[in-house]
*Asks:* 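The structure is given below, and queries will be raised subsequently.
Every heavy atom of this structure was used, including side-chain atoms; hydrogens, water molecules and symmetry mates were not.
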Amino acid sequence: GSLDAMTGKRNVLMFFSGSILPIVQGSDRYIYEVSRNLHGCANVNLTLVVLGEPSEAMRKGAKDICSKIVWLPRPRRWGVVDIVNKLFARCGIDMLHSYANARALRGKFAELCADQDLILLNYAEWFPLLPRDVRSRKGVVLTLDIGWYRKASFLKSQHVLNRFSVWLNKWVELKVLRSFRRIVVLADYERKLLEDEGISTERIVETGVPLQFDAFRRTGTPIYDFLLIGGCSYQNEEGVKCFLSRVPPLLRDRQITFAVAGSICKSKIWQALTVPENVELRLLGYVDNLADVCAQAKIGVGTVPYGSGIKIKVVE
């Protein structure tokens with residue numbers, strides 16, 4: 001319903017940095033589901049603009065999530081754009097991590113946006129793709145995370161430099177968010193964070209996570225006691241460490257099976273971790289169907305000690 005309300009006009013363009021398919025992390029899944037929902041609206045003609053090289057899965061699956069797909073090639077690596085981007089990243093302001101890339105692509109992107117009624121950007125850091133006046137008239141940003149809230153979680157320490165870093169990121173992020181016509185958040189606590197900073201409720205669209213699931217069918221006895229699904233990120237690695245340090249000791253009198261699915265299986269942490277003696281670790285890697293794997297497990301693991309946002313794997 002909130003998506004329908006947001007798209008009162010017909011031509012909608014949506015930008016995403018990276019290939020959505022195959023789905024390997026929560027942000028891919030969210031953008032896939034938002035695209036599919038928009039594509040299903042009778043009054044929407046959705047063009048999906050993807051930064052990066054097209055994957056075979058994306059070529060085959062694009063027809064289900066958009067009317068048209070366009071791939072934008074990334075600026076040449078280690079050219080002037082990449083060097084400037086590295087310098088911006090070193091300053092520690094997350095909103096500037098993609099600034100040079102976005103400015104380099106603005107000309108090509110403007111051509112694609114010329115006849116669009118609404119322009120959606122995935123992640124606020126891509127704001128330089130659109131001039132400020134276009135952002136205020138047509139721009140919608142999908143936040144996925146409130147950056148300063150996330151940063152405060154990662155830094156943990158209340159050291160004066162850490163507090164200054166969070167404050168600076170918050171100031172820049174709010175300035176960027178206020179330049180858009182609409183701000184899309186996933187959860188009510190994110191809406192409240194923005195409202196507390198003086199952003200009007202009318203400008204915030206809360207979508208939740210519009211997921212569609214395959215039917216869950218358990219056949220036979222589960223073969224895994226615990227299952228964790230996740231991408232290869234710091235917070236997921238810390239979640240694994242948290243689980244292994246806290247849960248197996250409570251079950252020291254029995255042998256348990258801990259299965260892990262997703263790109264986190266490629267993480268280097270497995271080489272350094274000490275797995276408790278009562279844990280049998282199964283690294284499943286990428287799986288074709290999460291519902292089938294979930295049906296083989298008794299308990300889903302969602303230990304996420306750092307970060308923010310709604311964790312798609314927990315909802316799944």
*Asks:* Say whether Val176 and Val205 are linked into one hydrophobic cluster, either directly or through other cluster members, by side-chain heavy-atom distances under 4.5 angstrom.
*Replies:*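 Shared cluster, yes.
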*Asks:* Please report the C-alpha distance between Asp188 and Lys192 in whole Å, then the side-chain angles of each, then the deciding distance to 0.1 Å, and finally whether the salt bridge (Lys or Arg N to Asp or Glu O under 4.0 Å) criterion is met.
*Replies:* CA-CA 6 Å; Asp188 53 0; Lys192 187 175 186 307; over 6 Å; no
*Asks:* Between CG of Asp253 and CG of Asn278, what distance do you get to the nearest 0.5 Å?
*Replies:*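 CG of Asn278 is found 9.0 Å from CG of Asp253.
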*Asks:* Any side-chain heavy atom of Asp64 sitting closer than 4.5 Å to one from His39?
*Replies:*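 SC-SC contact between Asp64 and His39 ruled out.
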*Asks:* Are the charged groups of Glu33 and Arg29 less than 4.0 angstrom apart, N to O?
*Replies:*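 So Glu33 pairs with Arg29 through a salt bridge.
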*Asks:* Considering non-hydrogen atoms only, spot the tightest contact between Leu129 and Leu105 and give its length.
*Replies:*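 For Leu129 and Leu105, the tightest heavy-atom pair comes out as CD2-CB, 3.8 Å.
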*Asks:* Check this for me, if you would: do Arg254 and Asp225 make a salt bridge, where the nitrogen-to-carboxylate-oxygen distance has to be below 4.0 angstrom?
*Replies:*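 Yes.
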*Asks:* When rounded to the nearest 0.5 angstrom, what distance separates CG in Leu96 from CZ in Phe127?
*Replies:*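 Going from CG on Leu96 over to CZ on Phe127, the span is 6.0 Å.
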*Asks:* Do the charged groups of Lys151 and Asp94 touch, with an N to O distance under 4.0 Å?
*Replies:*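 Counted as a salt bridge, because a side-chain N and a carboxylate O are separated by less than 4.0 Å.
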*Asks:* Taking Arg10 for its side chain and Asp117 for its backbone only, find out whether a donor-acceptor pair lies under 3.5 Å.
*Replies:*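 Pair absent, no side-chain N/O of Arg10 close to backbone of Asp117.
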*Asks:* Any donor-acceptor pair under 3.5 Å linking the side-chain atoms of Asn162 with those of Ser165?
*Replies:*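 No donor-acceptor contact under 3.5 Å links the two side chains.
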*Asks:* Say whether Ser98 and Tyr123, considering side chains only, have a donor N or O and an acceptor N or O under 3.5 Å apart.
*Replies:*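 No.
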*Asks:* Before accepting this row, confirm whether a basic side-chain N of the pair Lys170/Glu197 lies closer than 4.0 Å to the acidic partner's carboxylate O.
*Replies:*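 Here Lys170 pairs with Glu197 in a salt bridge, since their nearest N and O are under 4.0 Å apart.
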*Asks:* Relative to each other, are the rings of Phe15 and Phe109 parallel, tilted or perpendicular (30° and 60° limits)?
*Replies:*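 Perpendicular: the ring planes of Phe15 and Phe109 meet at over 60°.
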*Asks:* For the residue pair Trp126 and Ser17, what are the closest heavy atoms and their distance?
*Replies:*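 Of all heavy-atom pairs spanning Trp126 and Ser17, the closest is NE1-OG, 3.4 Å.
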*Asks:* Please give me the minimum heavy-atom distance between Glu173 and Asp145, naming the atom from each residue.
*Replies:*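 Heavy atoms of Glu173 and Asp145 come nearest at OE2-O, 4.2 Å.
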*Asks:* Tell me if the CG atom of Asp196 is crowded by more than 12 foreign heavy atoms within 6.0 Å.
*Replies:*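 Yes, the 6.0 Å shell around CG holds more than 12 heavy atoms from other groups.
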*Asks:* Are any of the side-chain heavy atoms of Leu273 and Leu244 separated by less than 4.5 Å?
*Replies:*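 Sidechains of Leu244 and Leu273: in contact.
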*Asks:* Passes side-chain contact (heavy atoms from CB on, under 4.5 Å), Met14 versus Leu142? Steps please.
*Replies:* CA-CA 10 Å; Met14 184 173 178; Leu142 284 73; 4.0 Å; yes
*Asks:* Within the 4.5 Å heavy-atom criterion, are Phe16 and Leu51 side-chain neighbours or not?
*Replies:*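 Not touching, per the 4.5 Å side-chain cut-off.
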*Asks:* Transitively linked via ILVMFWY side-chain contacts under 4.5 Å: Val260 with Ile256?
*Replies:*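 Linked, Val260 and Ile256 end up in one cluster.
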*Asks:* Are side-chain heavy atoms of Arg246 and Thr303 found at a separation under 4.5 Å?
*Replies:*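 Contact flag for Arg246/Thr303 side chains = no.
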*Asks:* State, yes or no, whether a side-chain contact exists between Trp171 and Trp148 at a heavy-atom distance under 4.5 Å.
*Replies:*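 The answer is no; the side chains never approach within 4.5 Å.
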*Asks:* Identify the heavy atoms of Arg181 and Ser136 that sit nearest to each other, and give their distance.
*Replies:*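 Taking every non-hydrogen atom into account, CB-O, 3.5 Å.
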*Asks:* Is there a side-chain contact between Leu144 and Val184 (heavy atoms, below 4.5 Å)?
*Replies:*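 Not in contact.
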*Asks:* Mind checking whether Leu21 and Ile229 sit in one hydrophobic cluster, side chains of I, L, V, M, F, W, Y counted as touching below 4.5 Å?
*Replies:*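 No; Ile229 is not reachable from Leu21 via cluster members.
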*Asks:* Do the side chain of Thr143 and the main chain of Ile146 share a donor and acceptor less than 3.5 angstrom apart?
*Replies:*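 Side chain of Thr143 to backbone of Ile146: no pair is present.
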*Asks:* Ring centroid separation for Phe226 and Phe243, is it under 6.0 angstrom?
*Replies:*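 Ring centres of Phe243 and Phe226 closer than 6.0 Å.
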*Asks:* Check the hydrophobic clustering (I, L, V, M, F, W, Y; side-chain heavy atoms under 4.5 Å; chains of links allowed) and say if Leu284 and Ile23 are grouped together.
*Replies:*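 Not linked; separate clusters.
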*Asks:* Looking at Glu280 and Arg282, is there a salt bridge between them, counting it only when a charged N and a carboxylate O are closer than 4.0 Å?
*Replies:*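 The answer is yes: the pair qualifies as a salt bridge.
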*Asks:* Start with the C-alpha distance between Glu237 and Lys241, add both sets of side-chain angles, then the distance that settles salt bridge (Lys or Arg N to Asp or Glu O under 4.0 Å), and finish with yes or no.
*Replies:* CA-CA 6 Å; Glu237 291 174 348; Lys241 294 176 185 177; 5.8 Å; no
*Asks:* Could you tell me if the side chain of Ile299 sits less than 4.5 Å from the side chain of Leu227, heavy atoms only?
*Replies:*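 Not in contact.
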*Asks:* Quick check: closest heavy atoms across Cys113 and Leu130, and the distance to 0.1 Å?
*Replies:*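 Residues Cys113 and Leu130, closest heavy atoms: SG-CD2, 4.2 Å.
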*Asks:* Could you walk me through whether Leu186 and Glu190 pass the side-chain contact (heavy atoms from CB on, under 4.5 Å) test, one step at a time?
*Replies:* CA-CA 7 Å; Leu186 278 72; Glu190 293 172 308; 3.7 Å; yes
*Asks:* Decide side-chain contact (heavy atoms from CB on, under 4.5 Å) for Val140 and Phe180; before the verdict, give the C-alpha distance in whole Å, the side-chain angles of both, and the deciding distance to 0.1 Å.
*Replies:* CA-CA 6 Å; Val140 177; Phe180 282 88; 5.8 Å; no
*Asks:* Going hydrophobic residue to hydrophobic residue with side-chain gaps under 4.5 angstrom, can you get from Val70 over to Leu13?
*Replies:*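 Cluster IDs for Val70 and Leu13 match.
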*Asks:* Hydrogens and angles aside, do Thr201 and Glu195 bring a side-chain donor and acceptor to less than 3.5 Å of each other?
*Replies:*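 Yes, side-chain donor-acceptor contact under 3.5 Å.
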*Asks:* Quick one: pull up CG in Asn45 and OG in Ser67 and give me the separation to the nearest 0.5 Å.
*Replies:*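 Here the rounded value is 4.0 Å.
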*Asks:* Please report the interatomic distance CG(Leu168) to CG(Leu161), rounded to the nearest 0.5 Å.
*Replies:*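 Reported to 0.5 Å precision, the distance equals 12.0 Å.
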*Asks:* So, are Lys108 and Glu111 salt-bridged, with charged N and O less than 4.0 Å apart?
*Replies:*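 Looking at Lys108 and Glu111, the cut-off is not met.
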*Asks:* Can you tell me how far CD1 of Ile183 sits from CG of Leu177, rounded to the nearest 0.5 angstrom?
*Replies:*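 Leu177 CG to Ile183 CD1: 4.5 Å, rounded to 0.5 Å.
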*Asks:* Is the closest side-chain heavy-atom distance between Ser263 and Tyr286 below 4.5 Å?
*Replies:*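 Sidechains of Tyr286 and Ser263: in contact.
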*Asks:* Would you check, one step at a time, whether the test side-chain contact (heavy atoms from CB on, under 4.5 Å) holds for Arg74 with Asn101?
*Replies:* CA-CA 8 Å; Arg74 296 181 183 276; Asn101 279 332; 5.8 Å; no
*Asks:* For residues Leu48 and Ser35, report the shortest heavy-atom separation together with the two atoms involved.
*Replies:*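 That would be CD1-OG, 4.0 Å.
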*Asks:* Is the centre of the Tyr234 ring less than 6.0 Å from the centre of the Phe154 ring?
*Replies:*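 So the answer is yes for these two rings.
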*Asks:* If we ignore hydrogens and angles and just use 3.5 Å, is the side chain of Glu206 paired with the main-chain N or O of Val185 as donor and acceptor?
*Replies:*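 Side chain of Glu206 to backbone of Val185: no pair is present.
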*Asks:* What distance do Lys138 atom NZ and Asn11 atom CG have between them, rounded to the nearest 0.5 Å?
*Replies:*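 So the gap between those two atoms works out to 9.5 Å.
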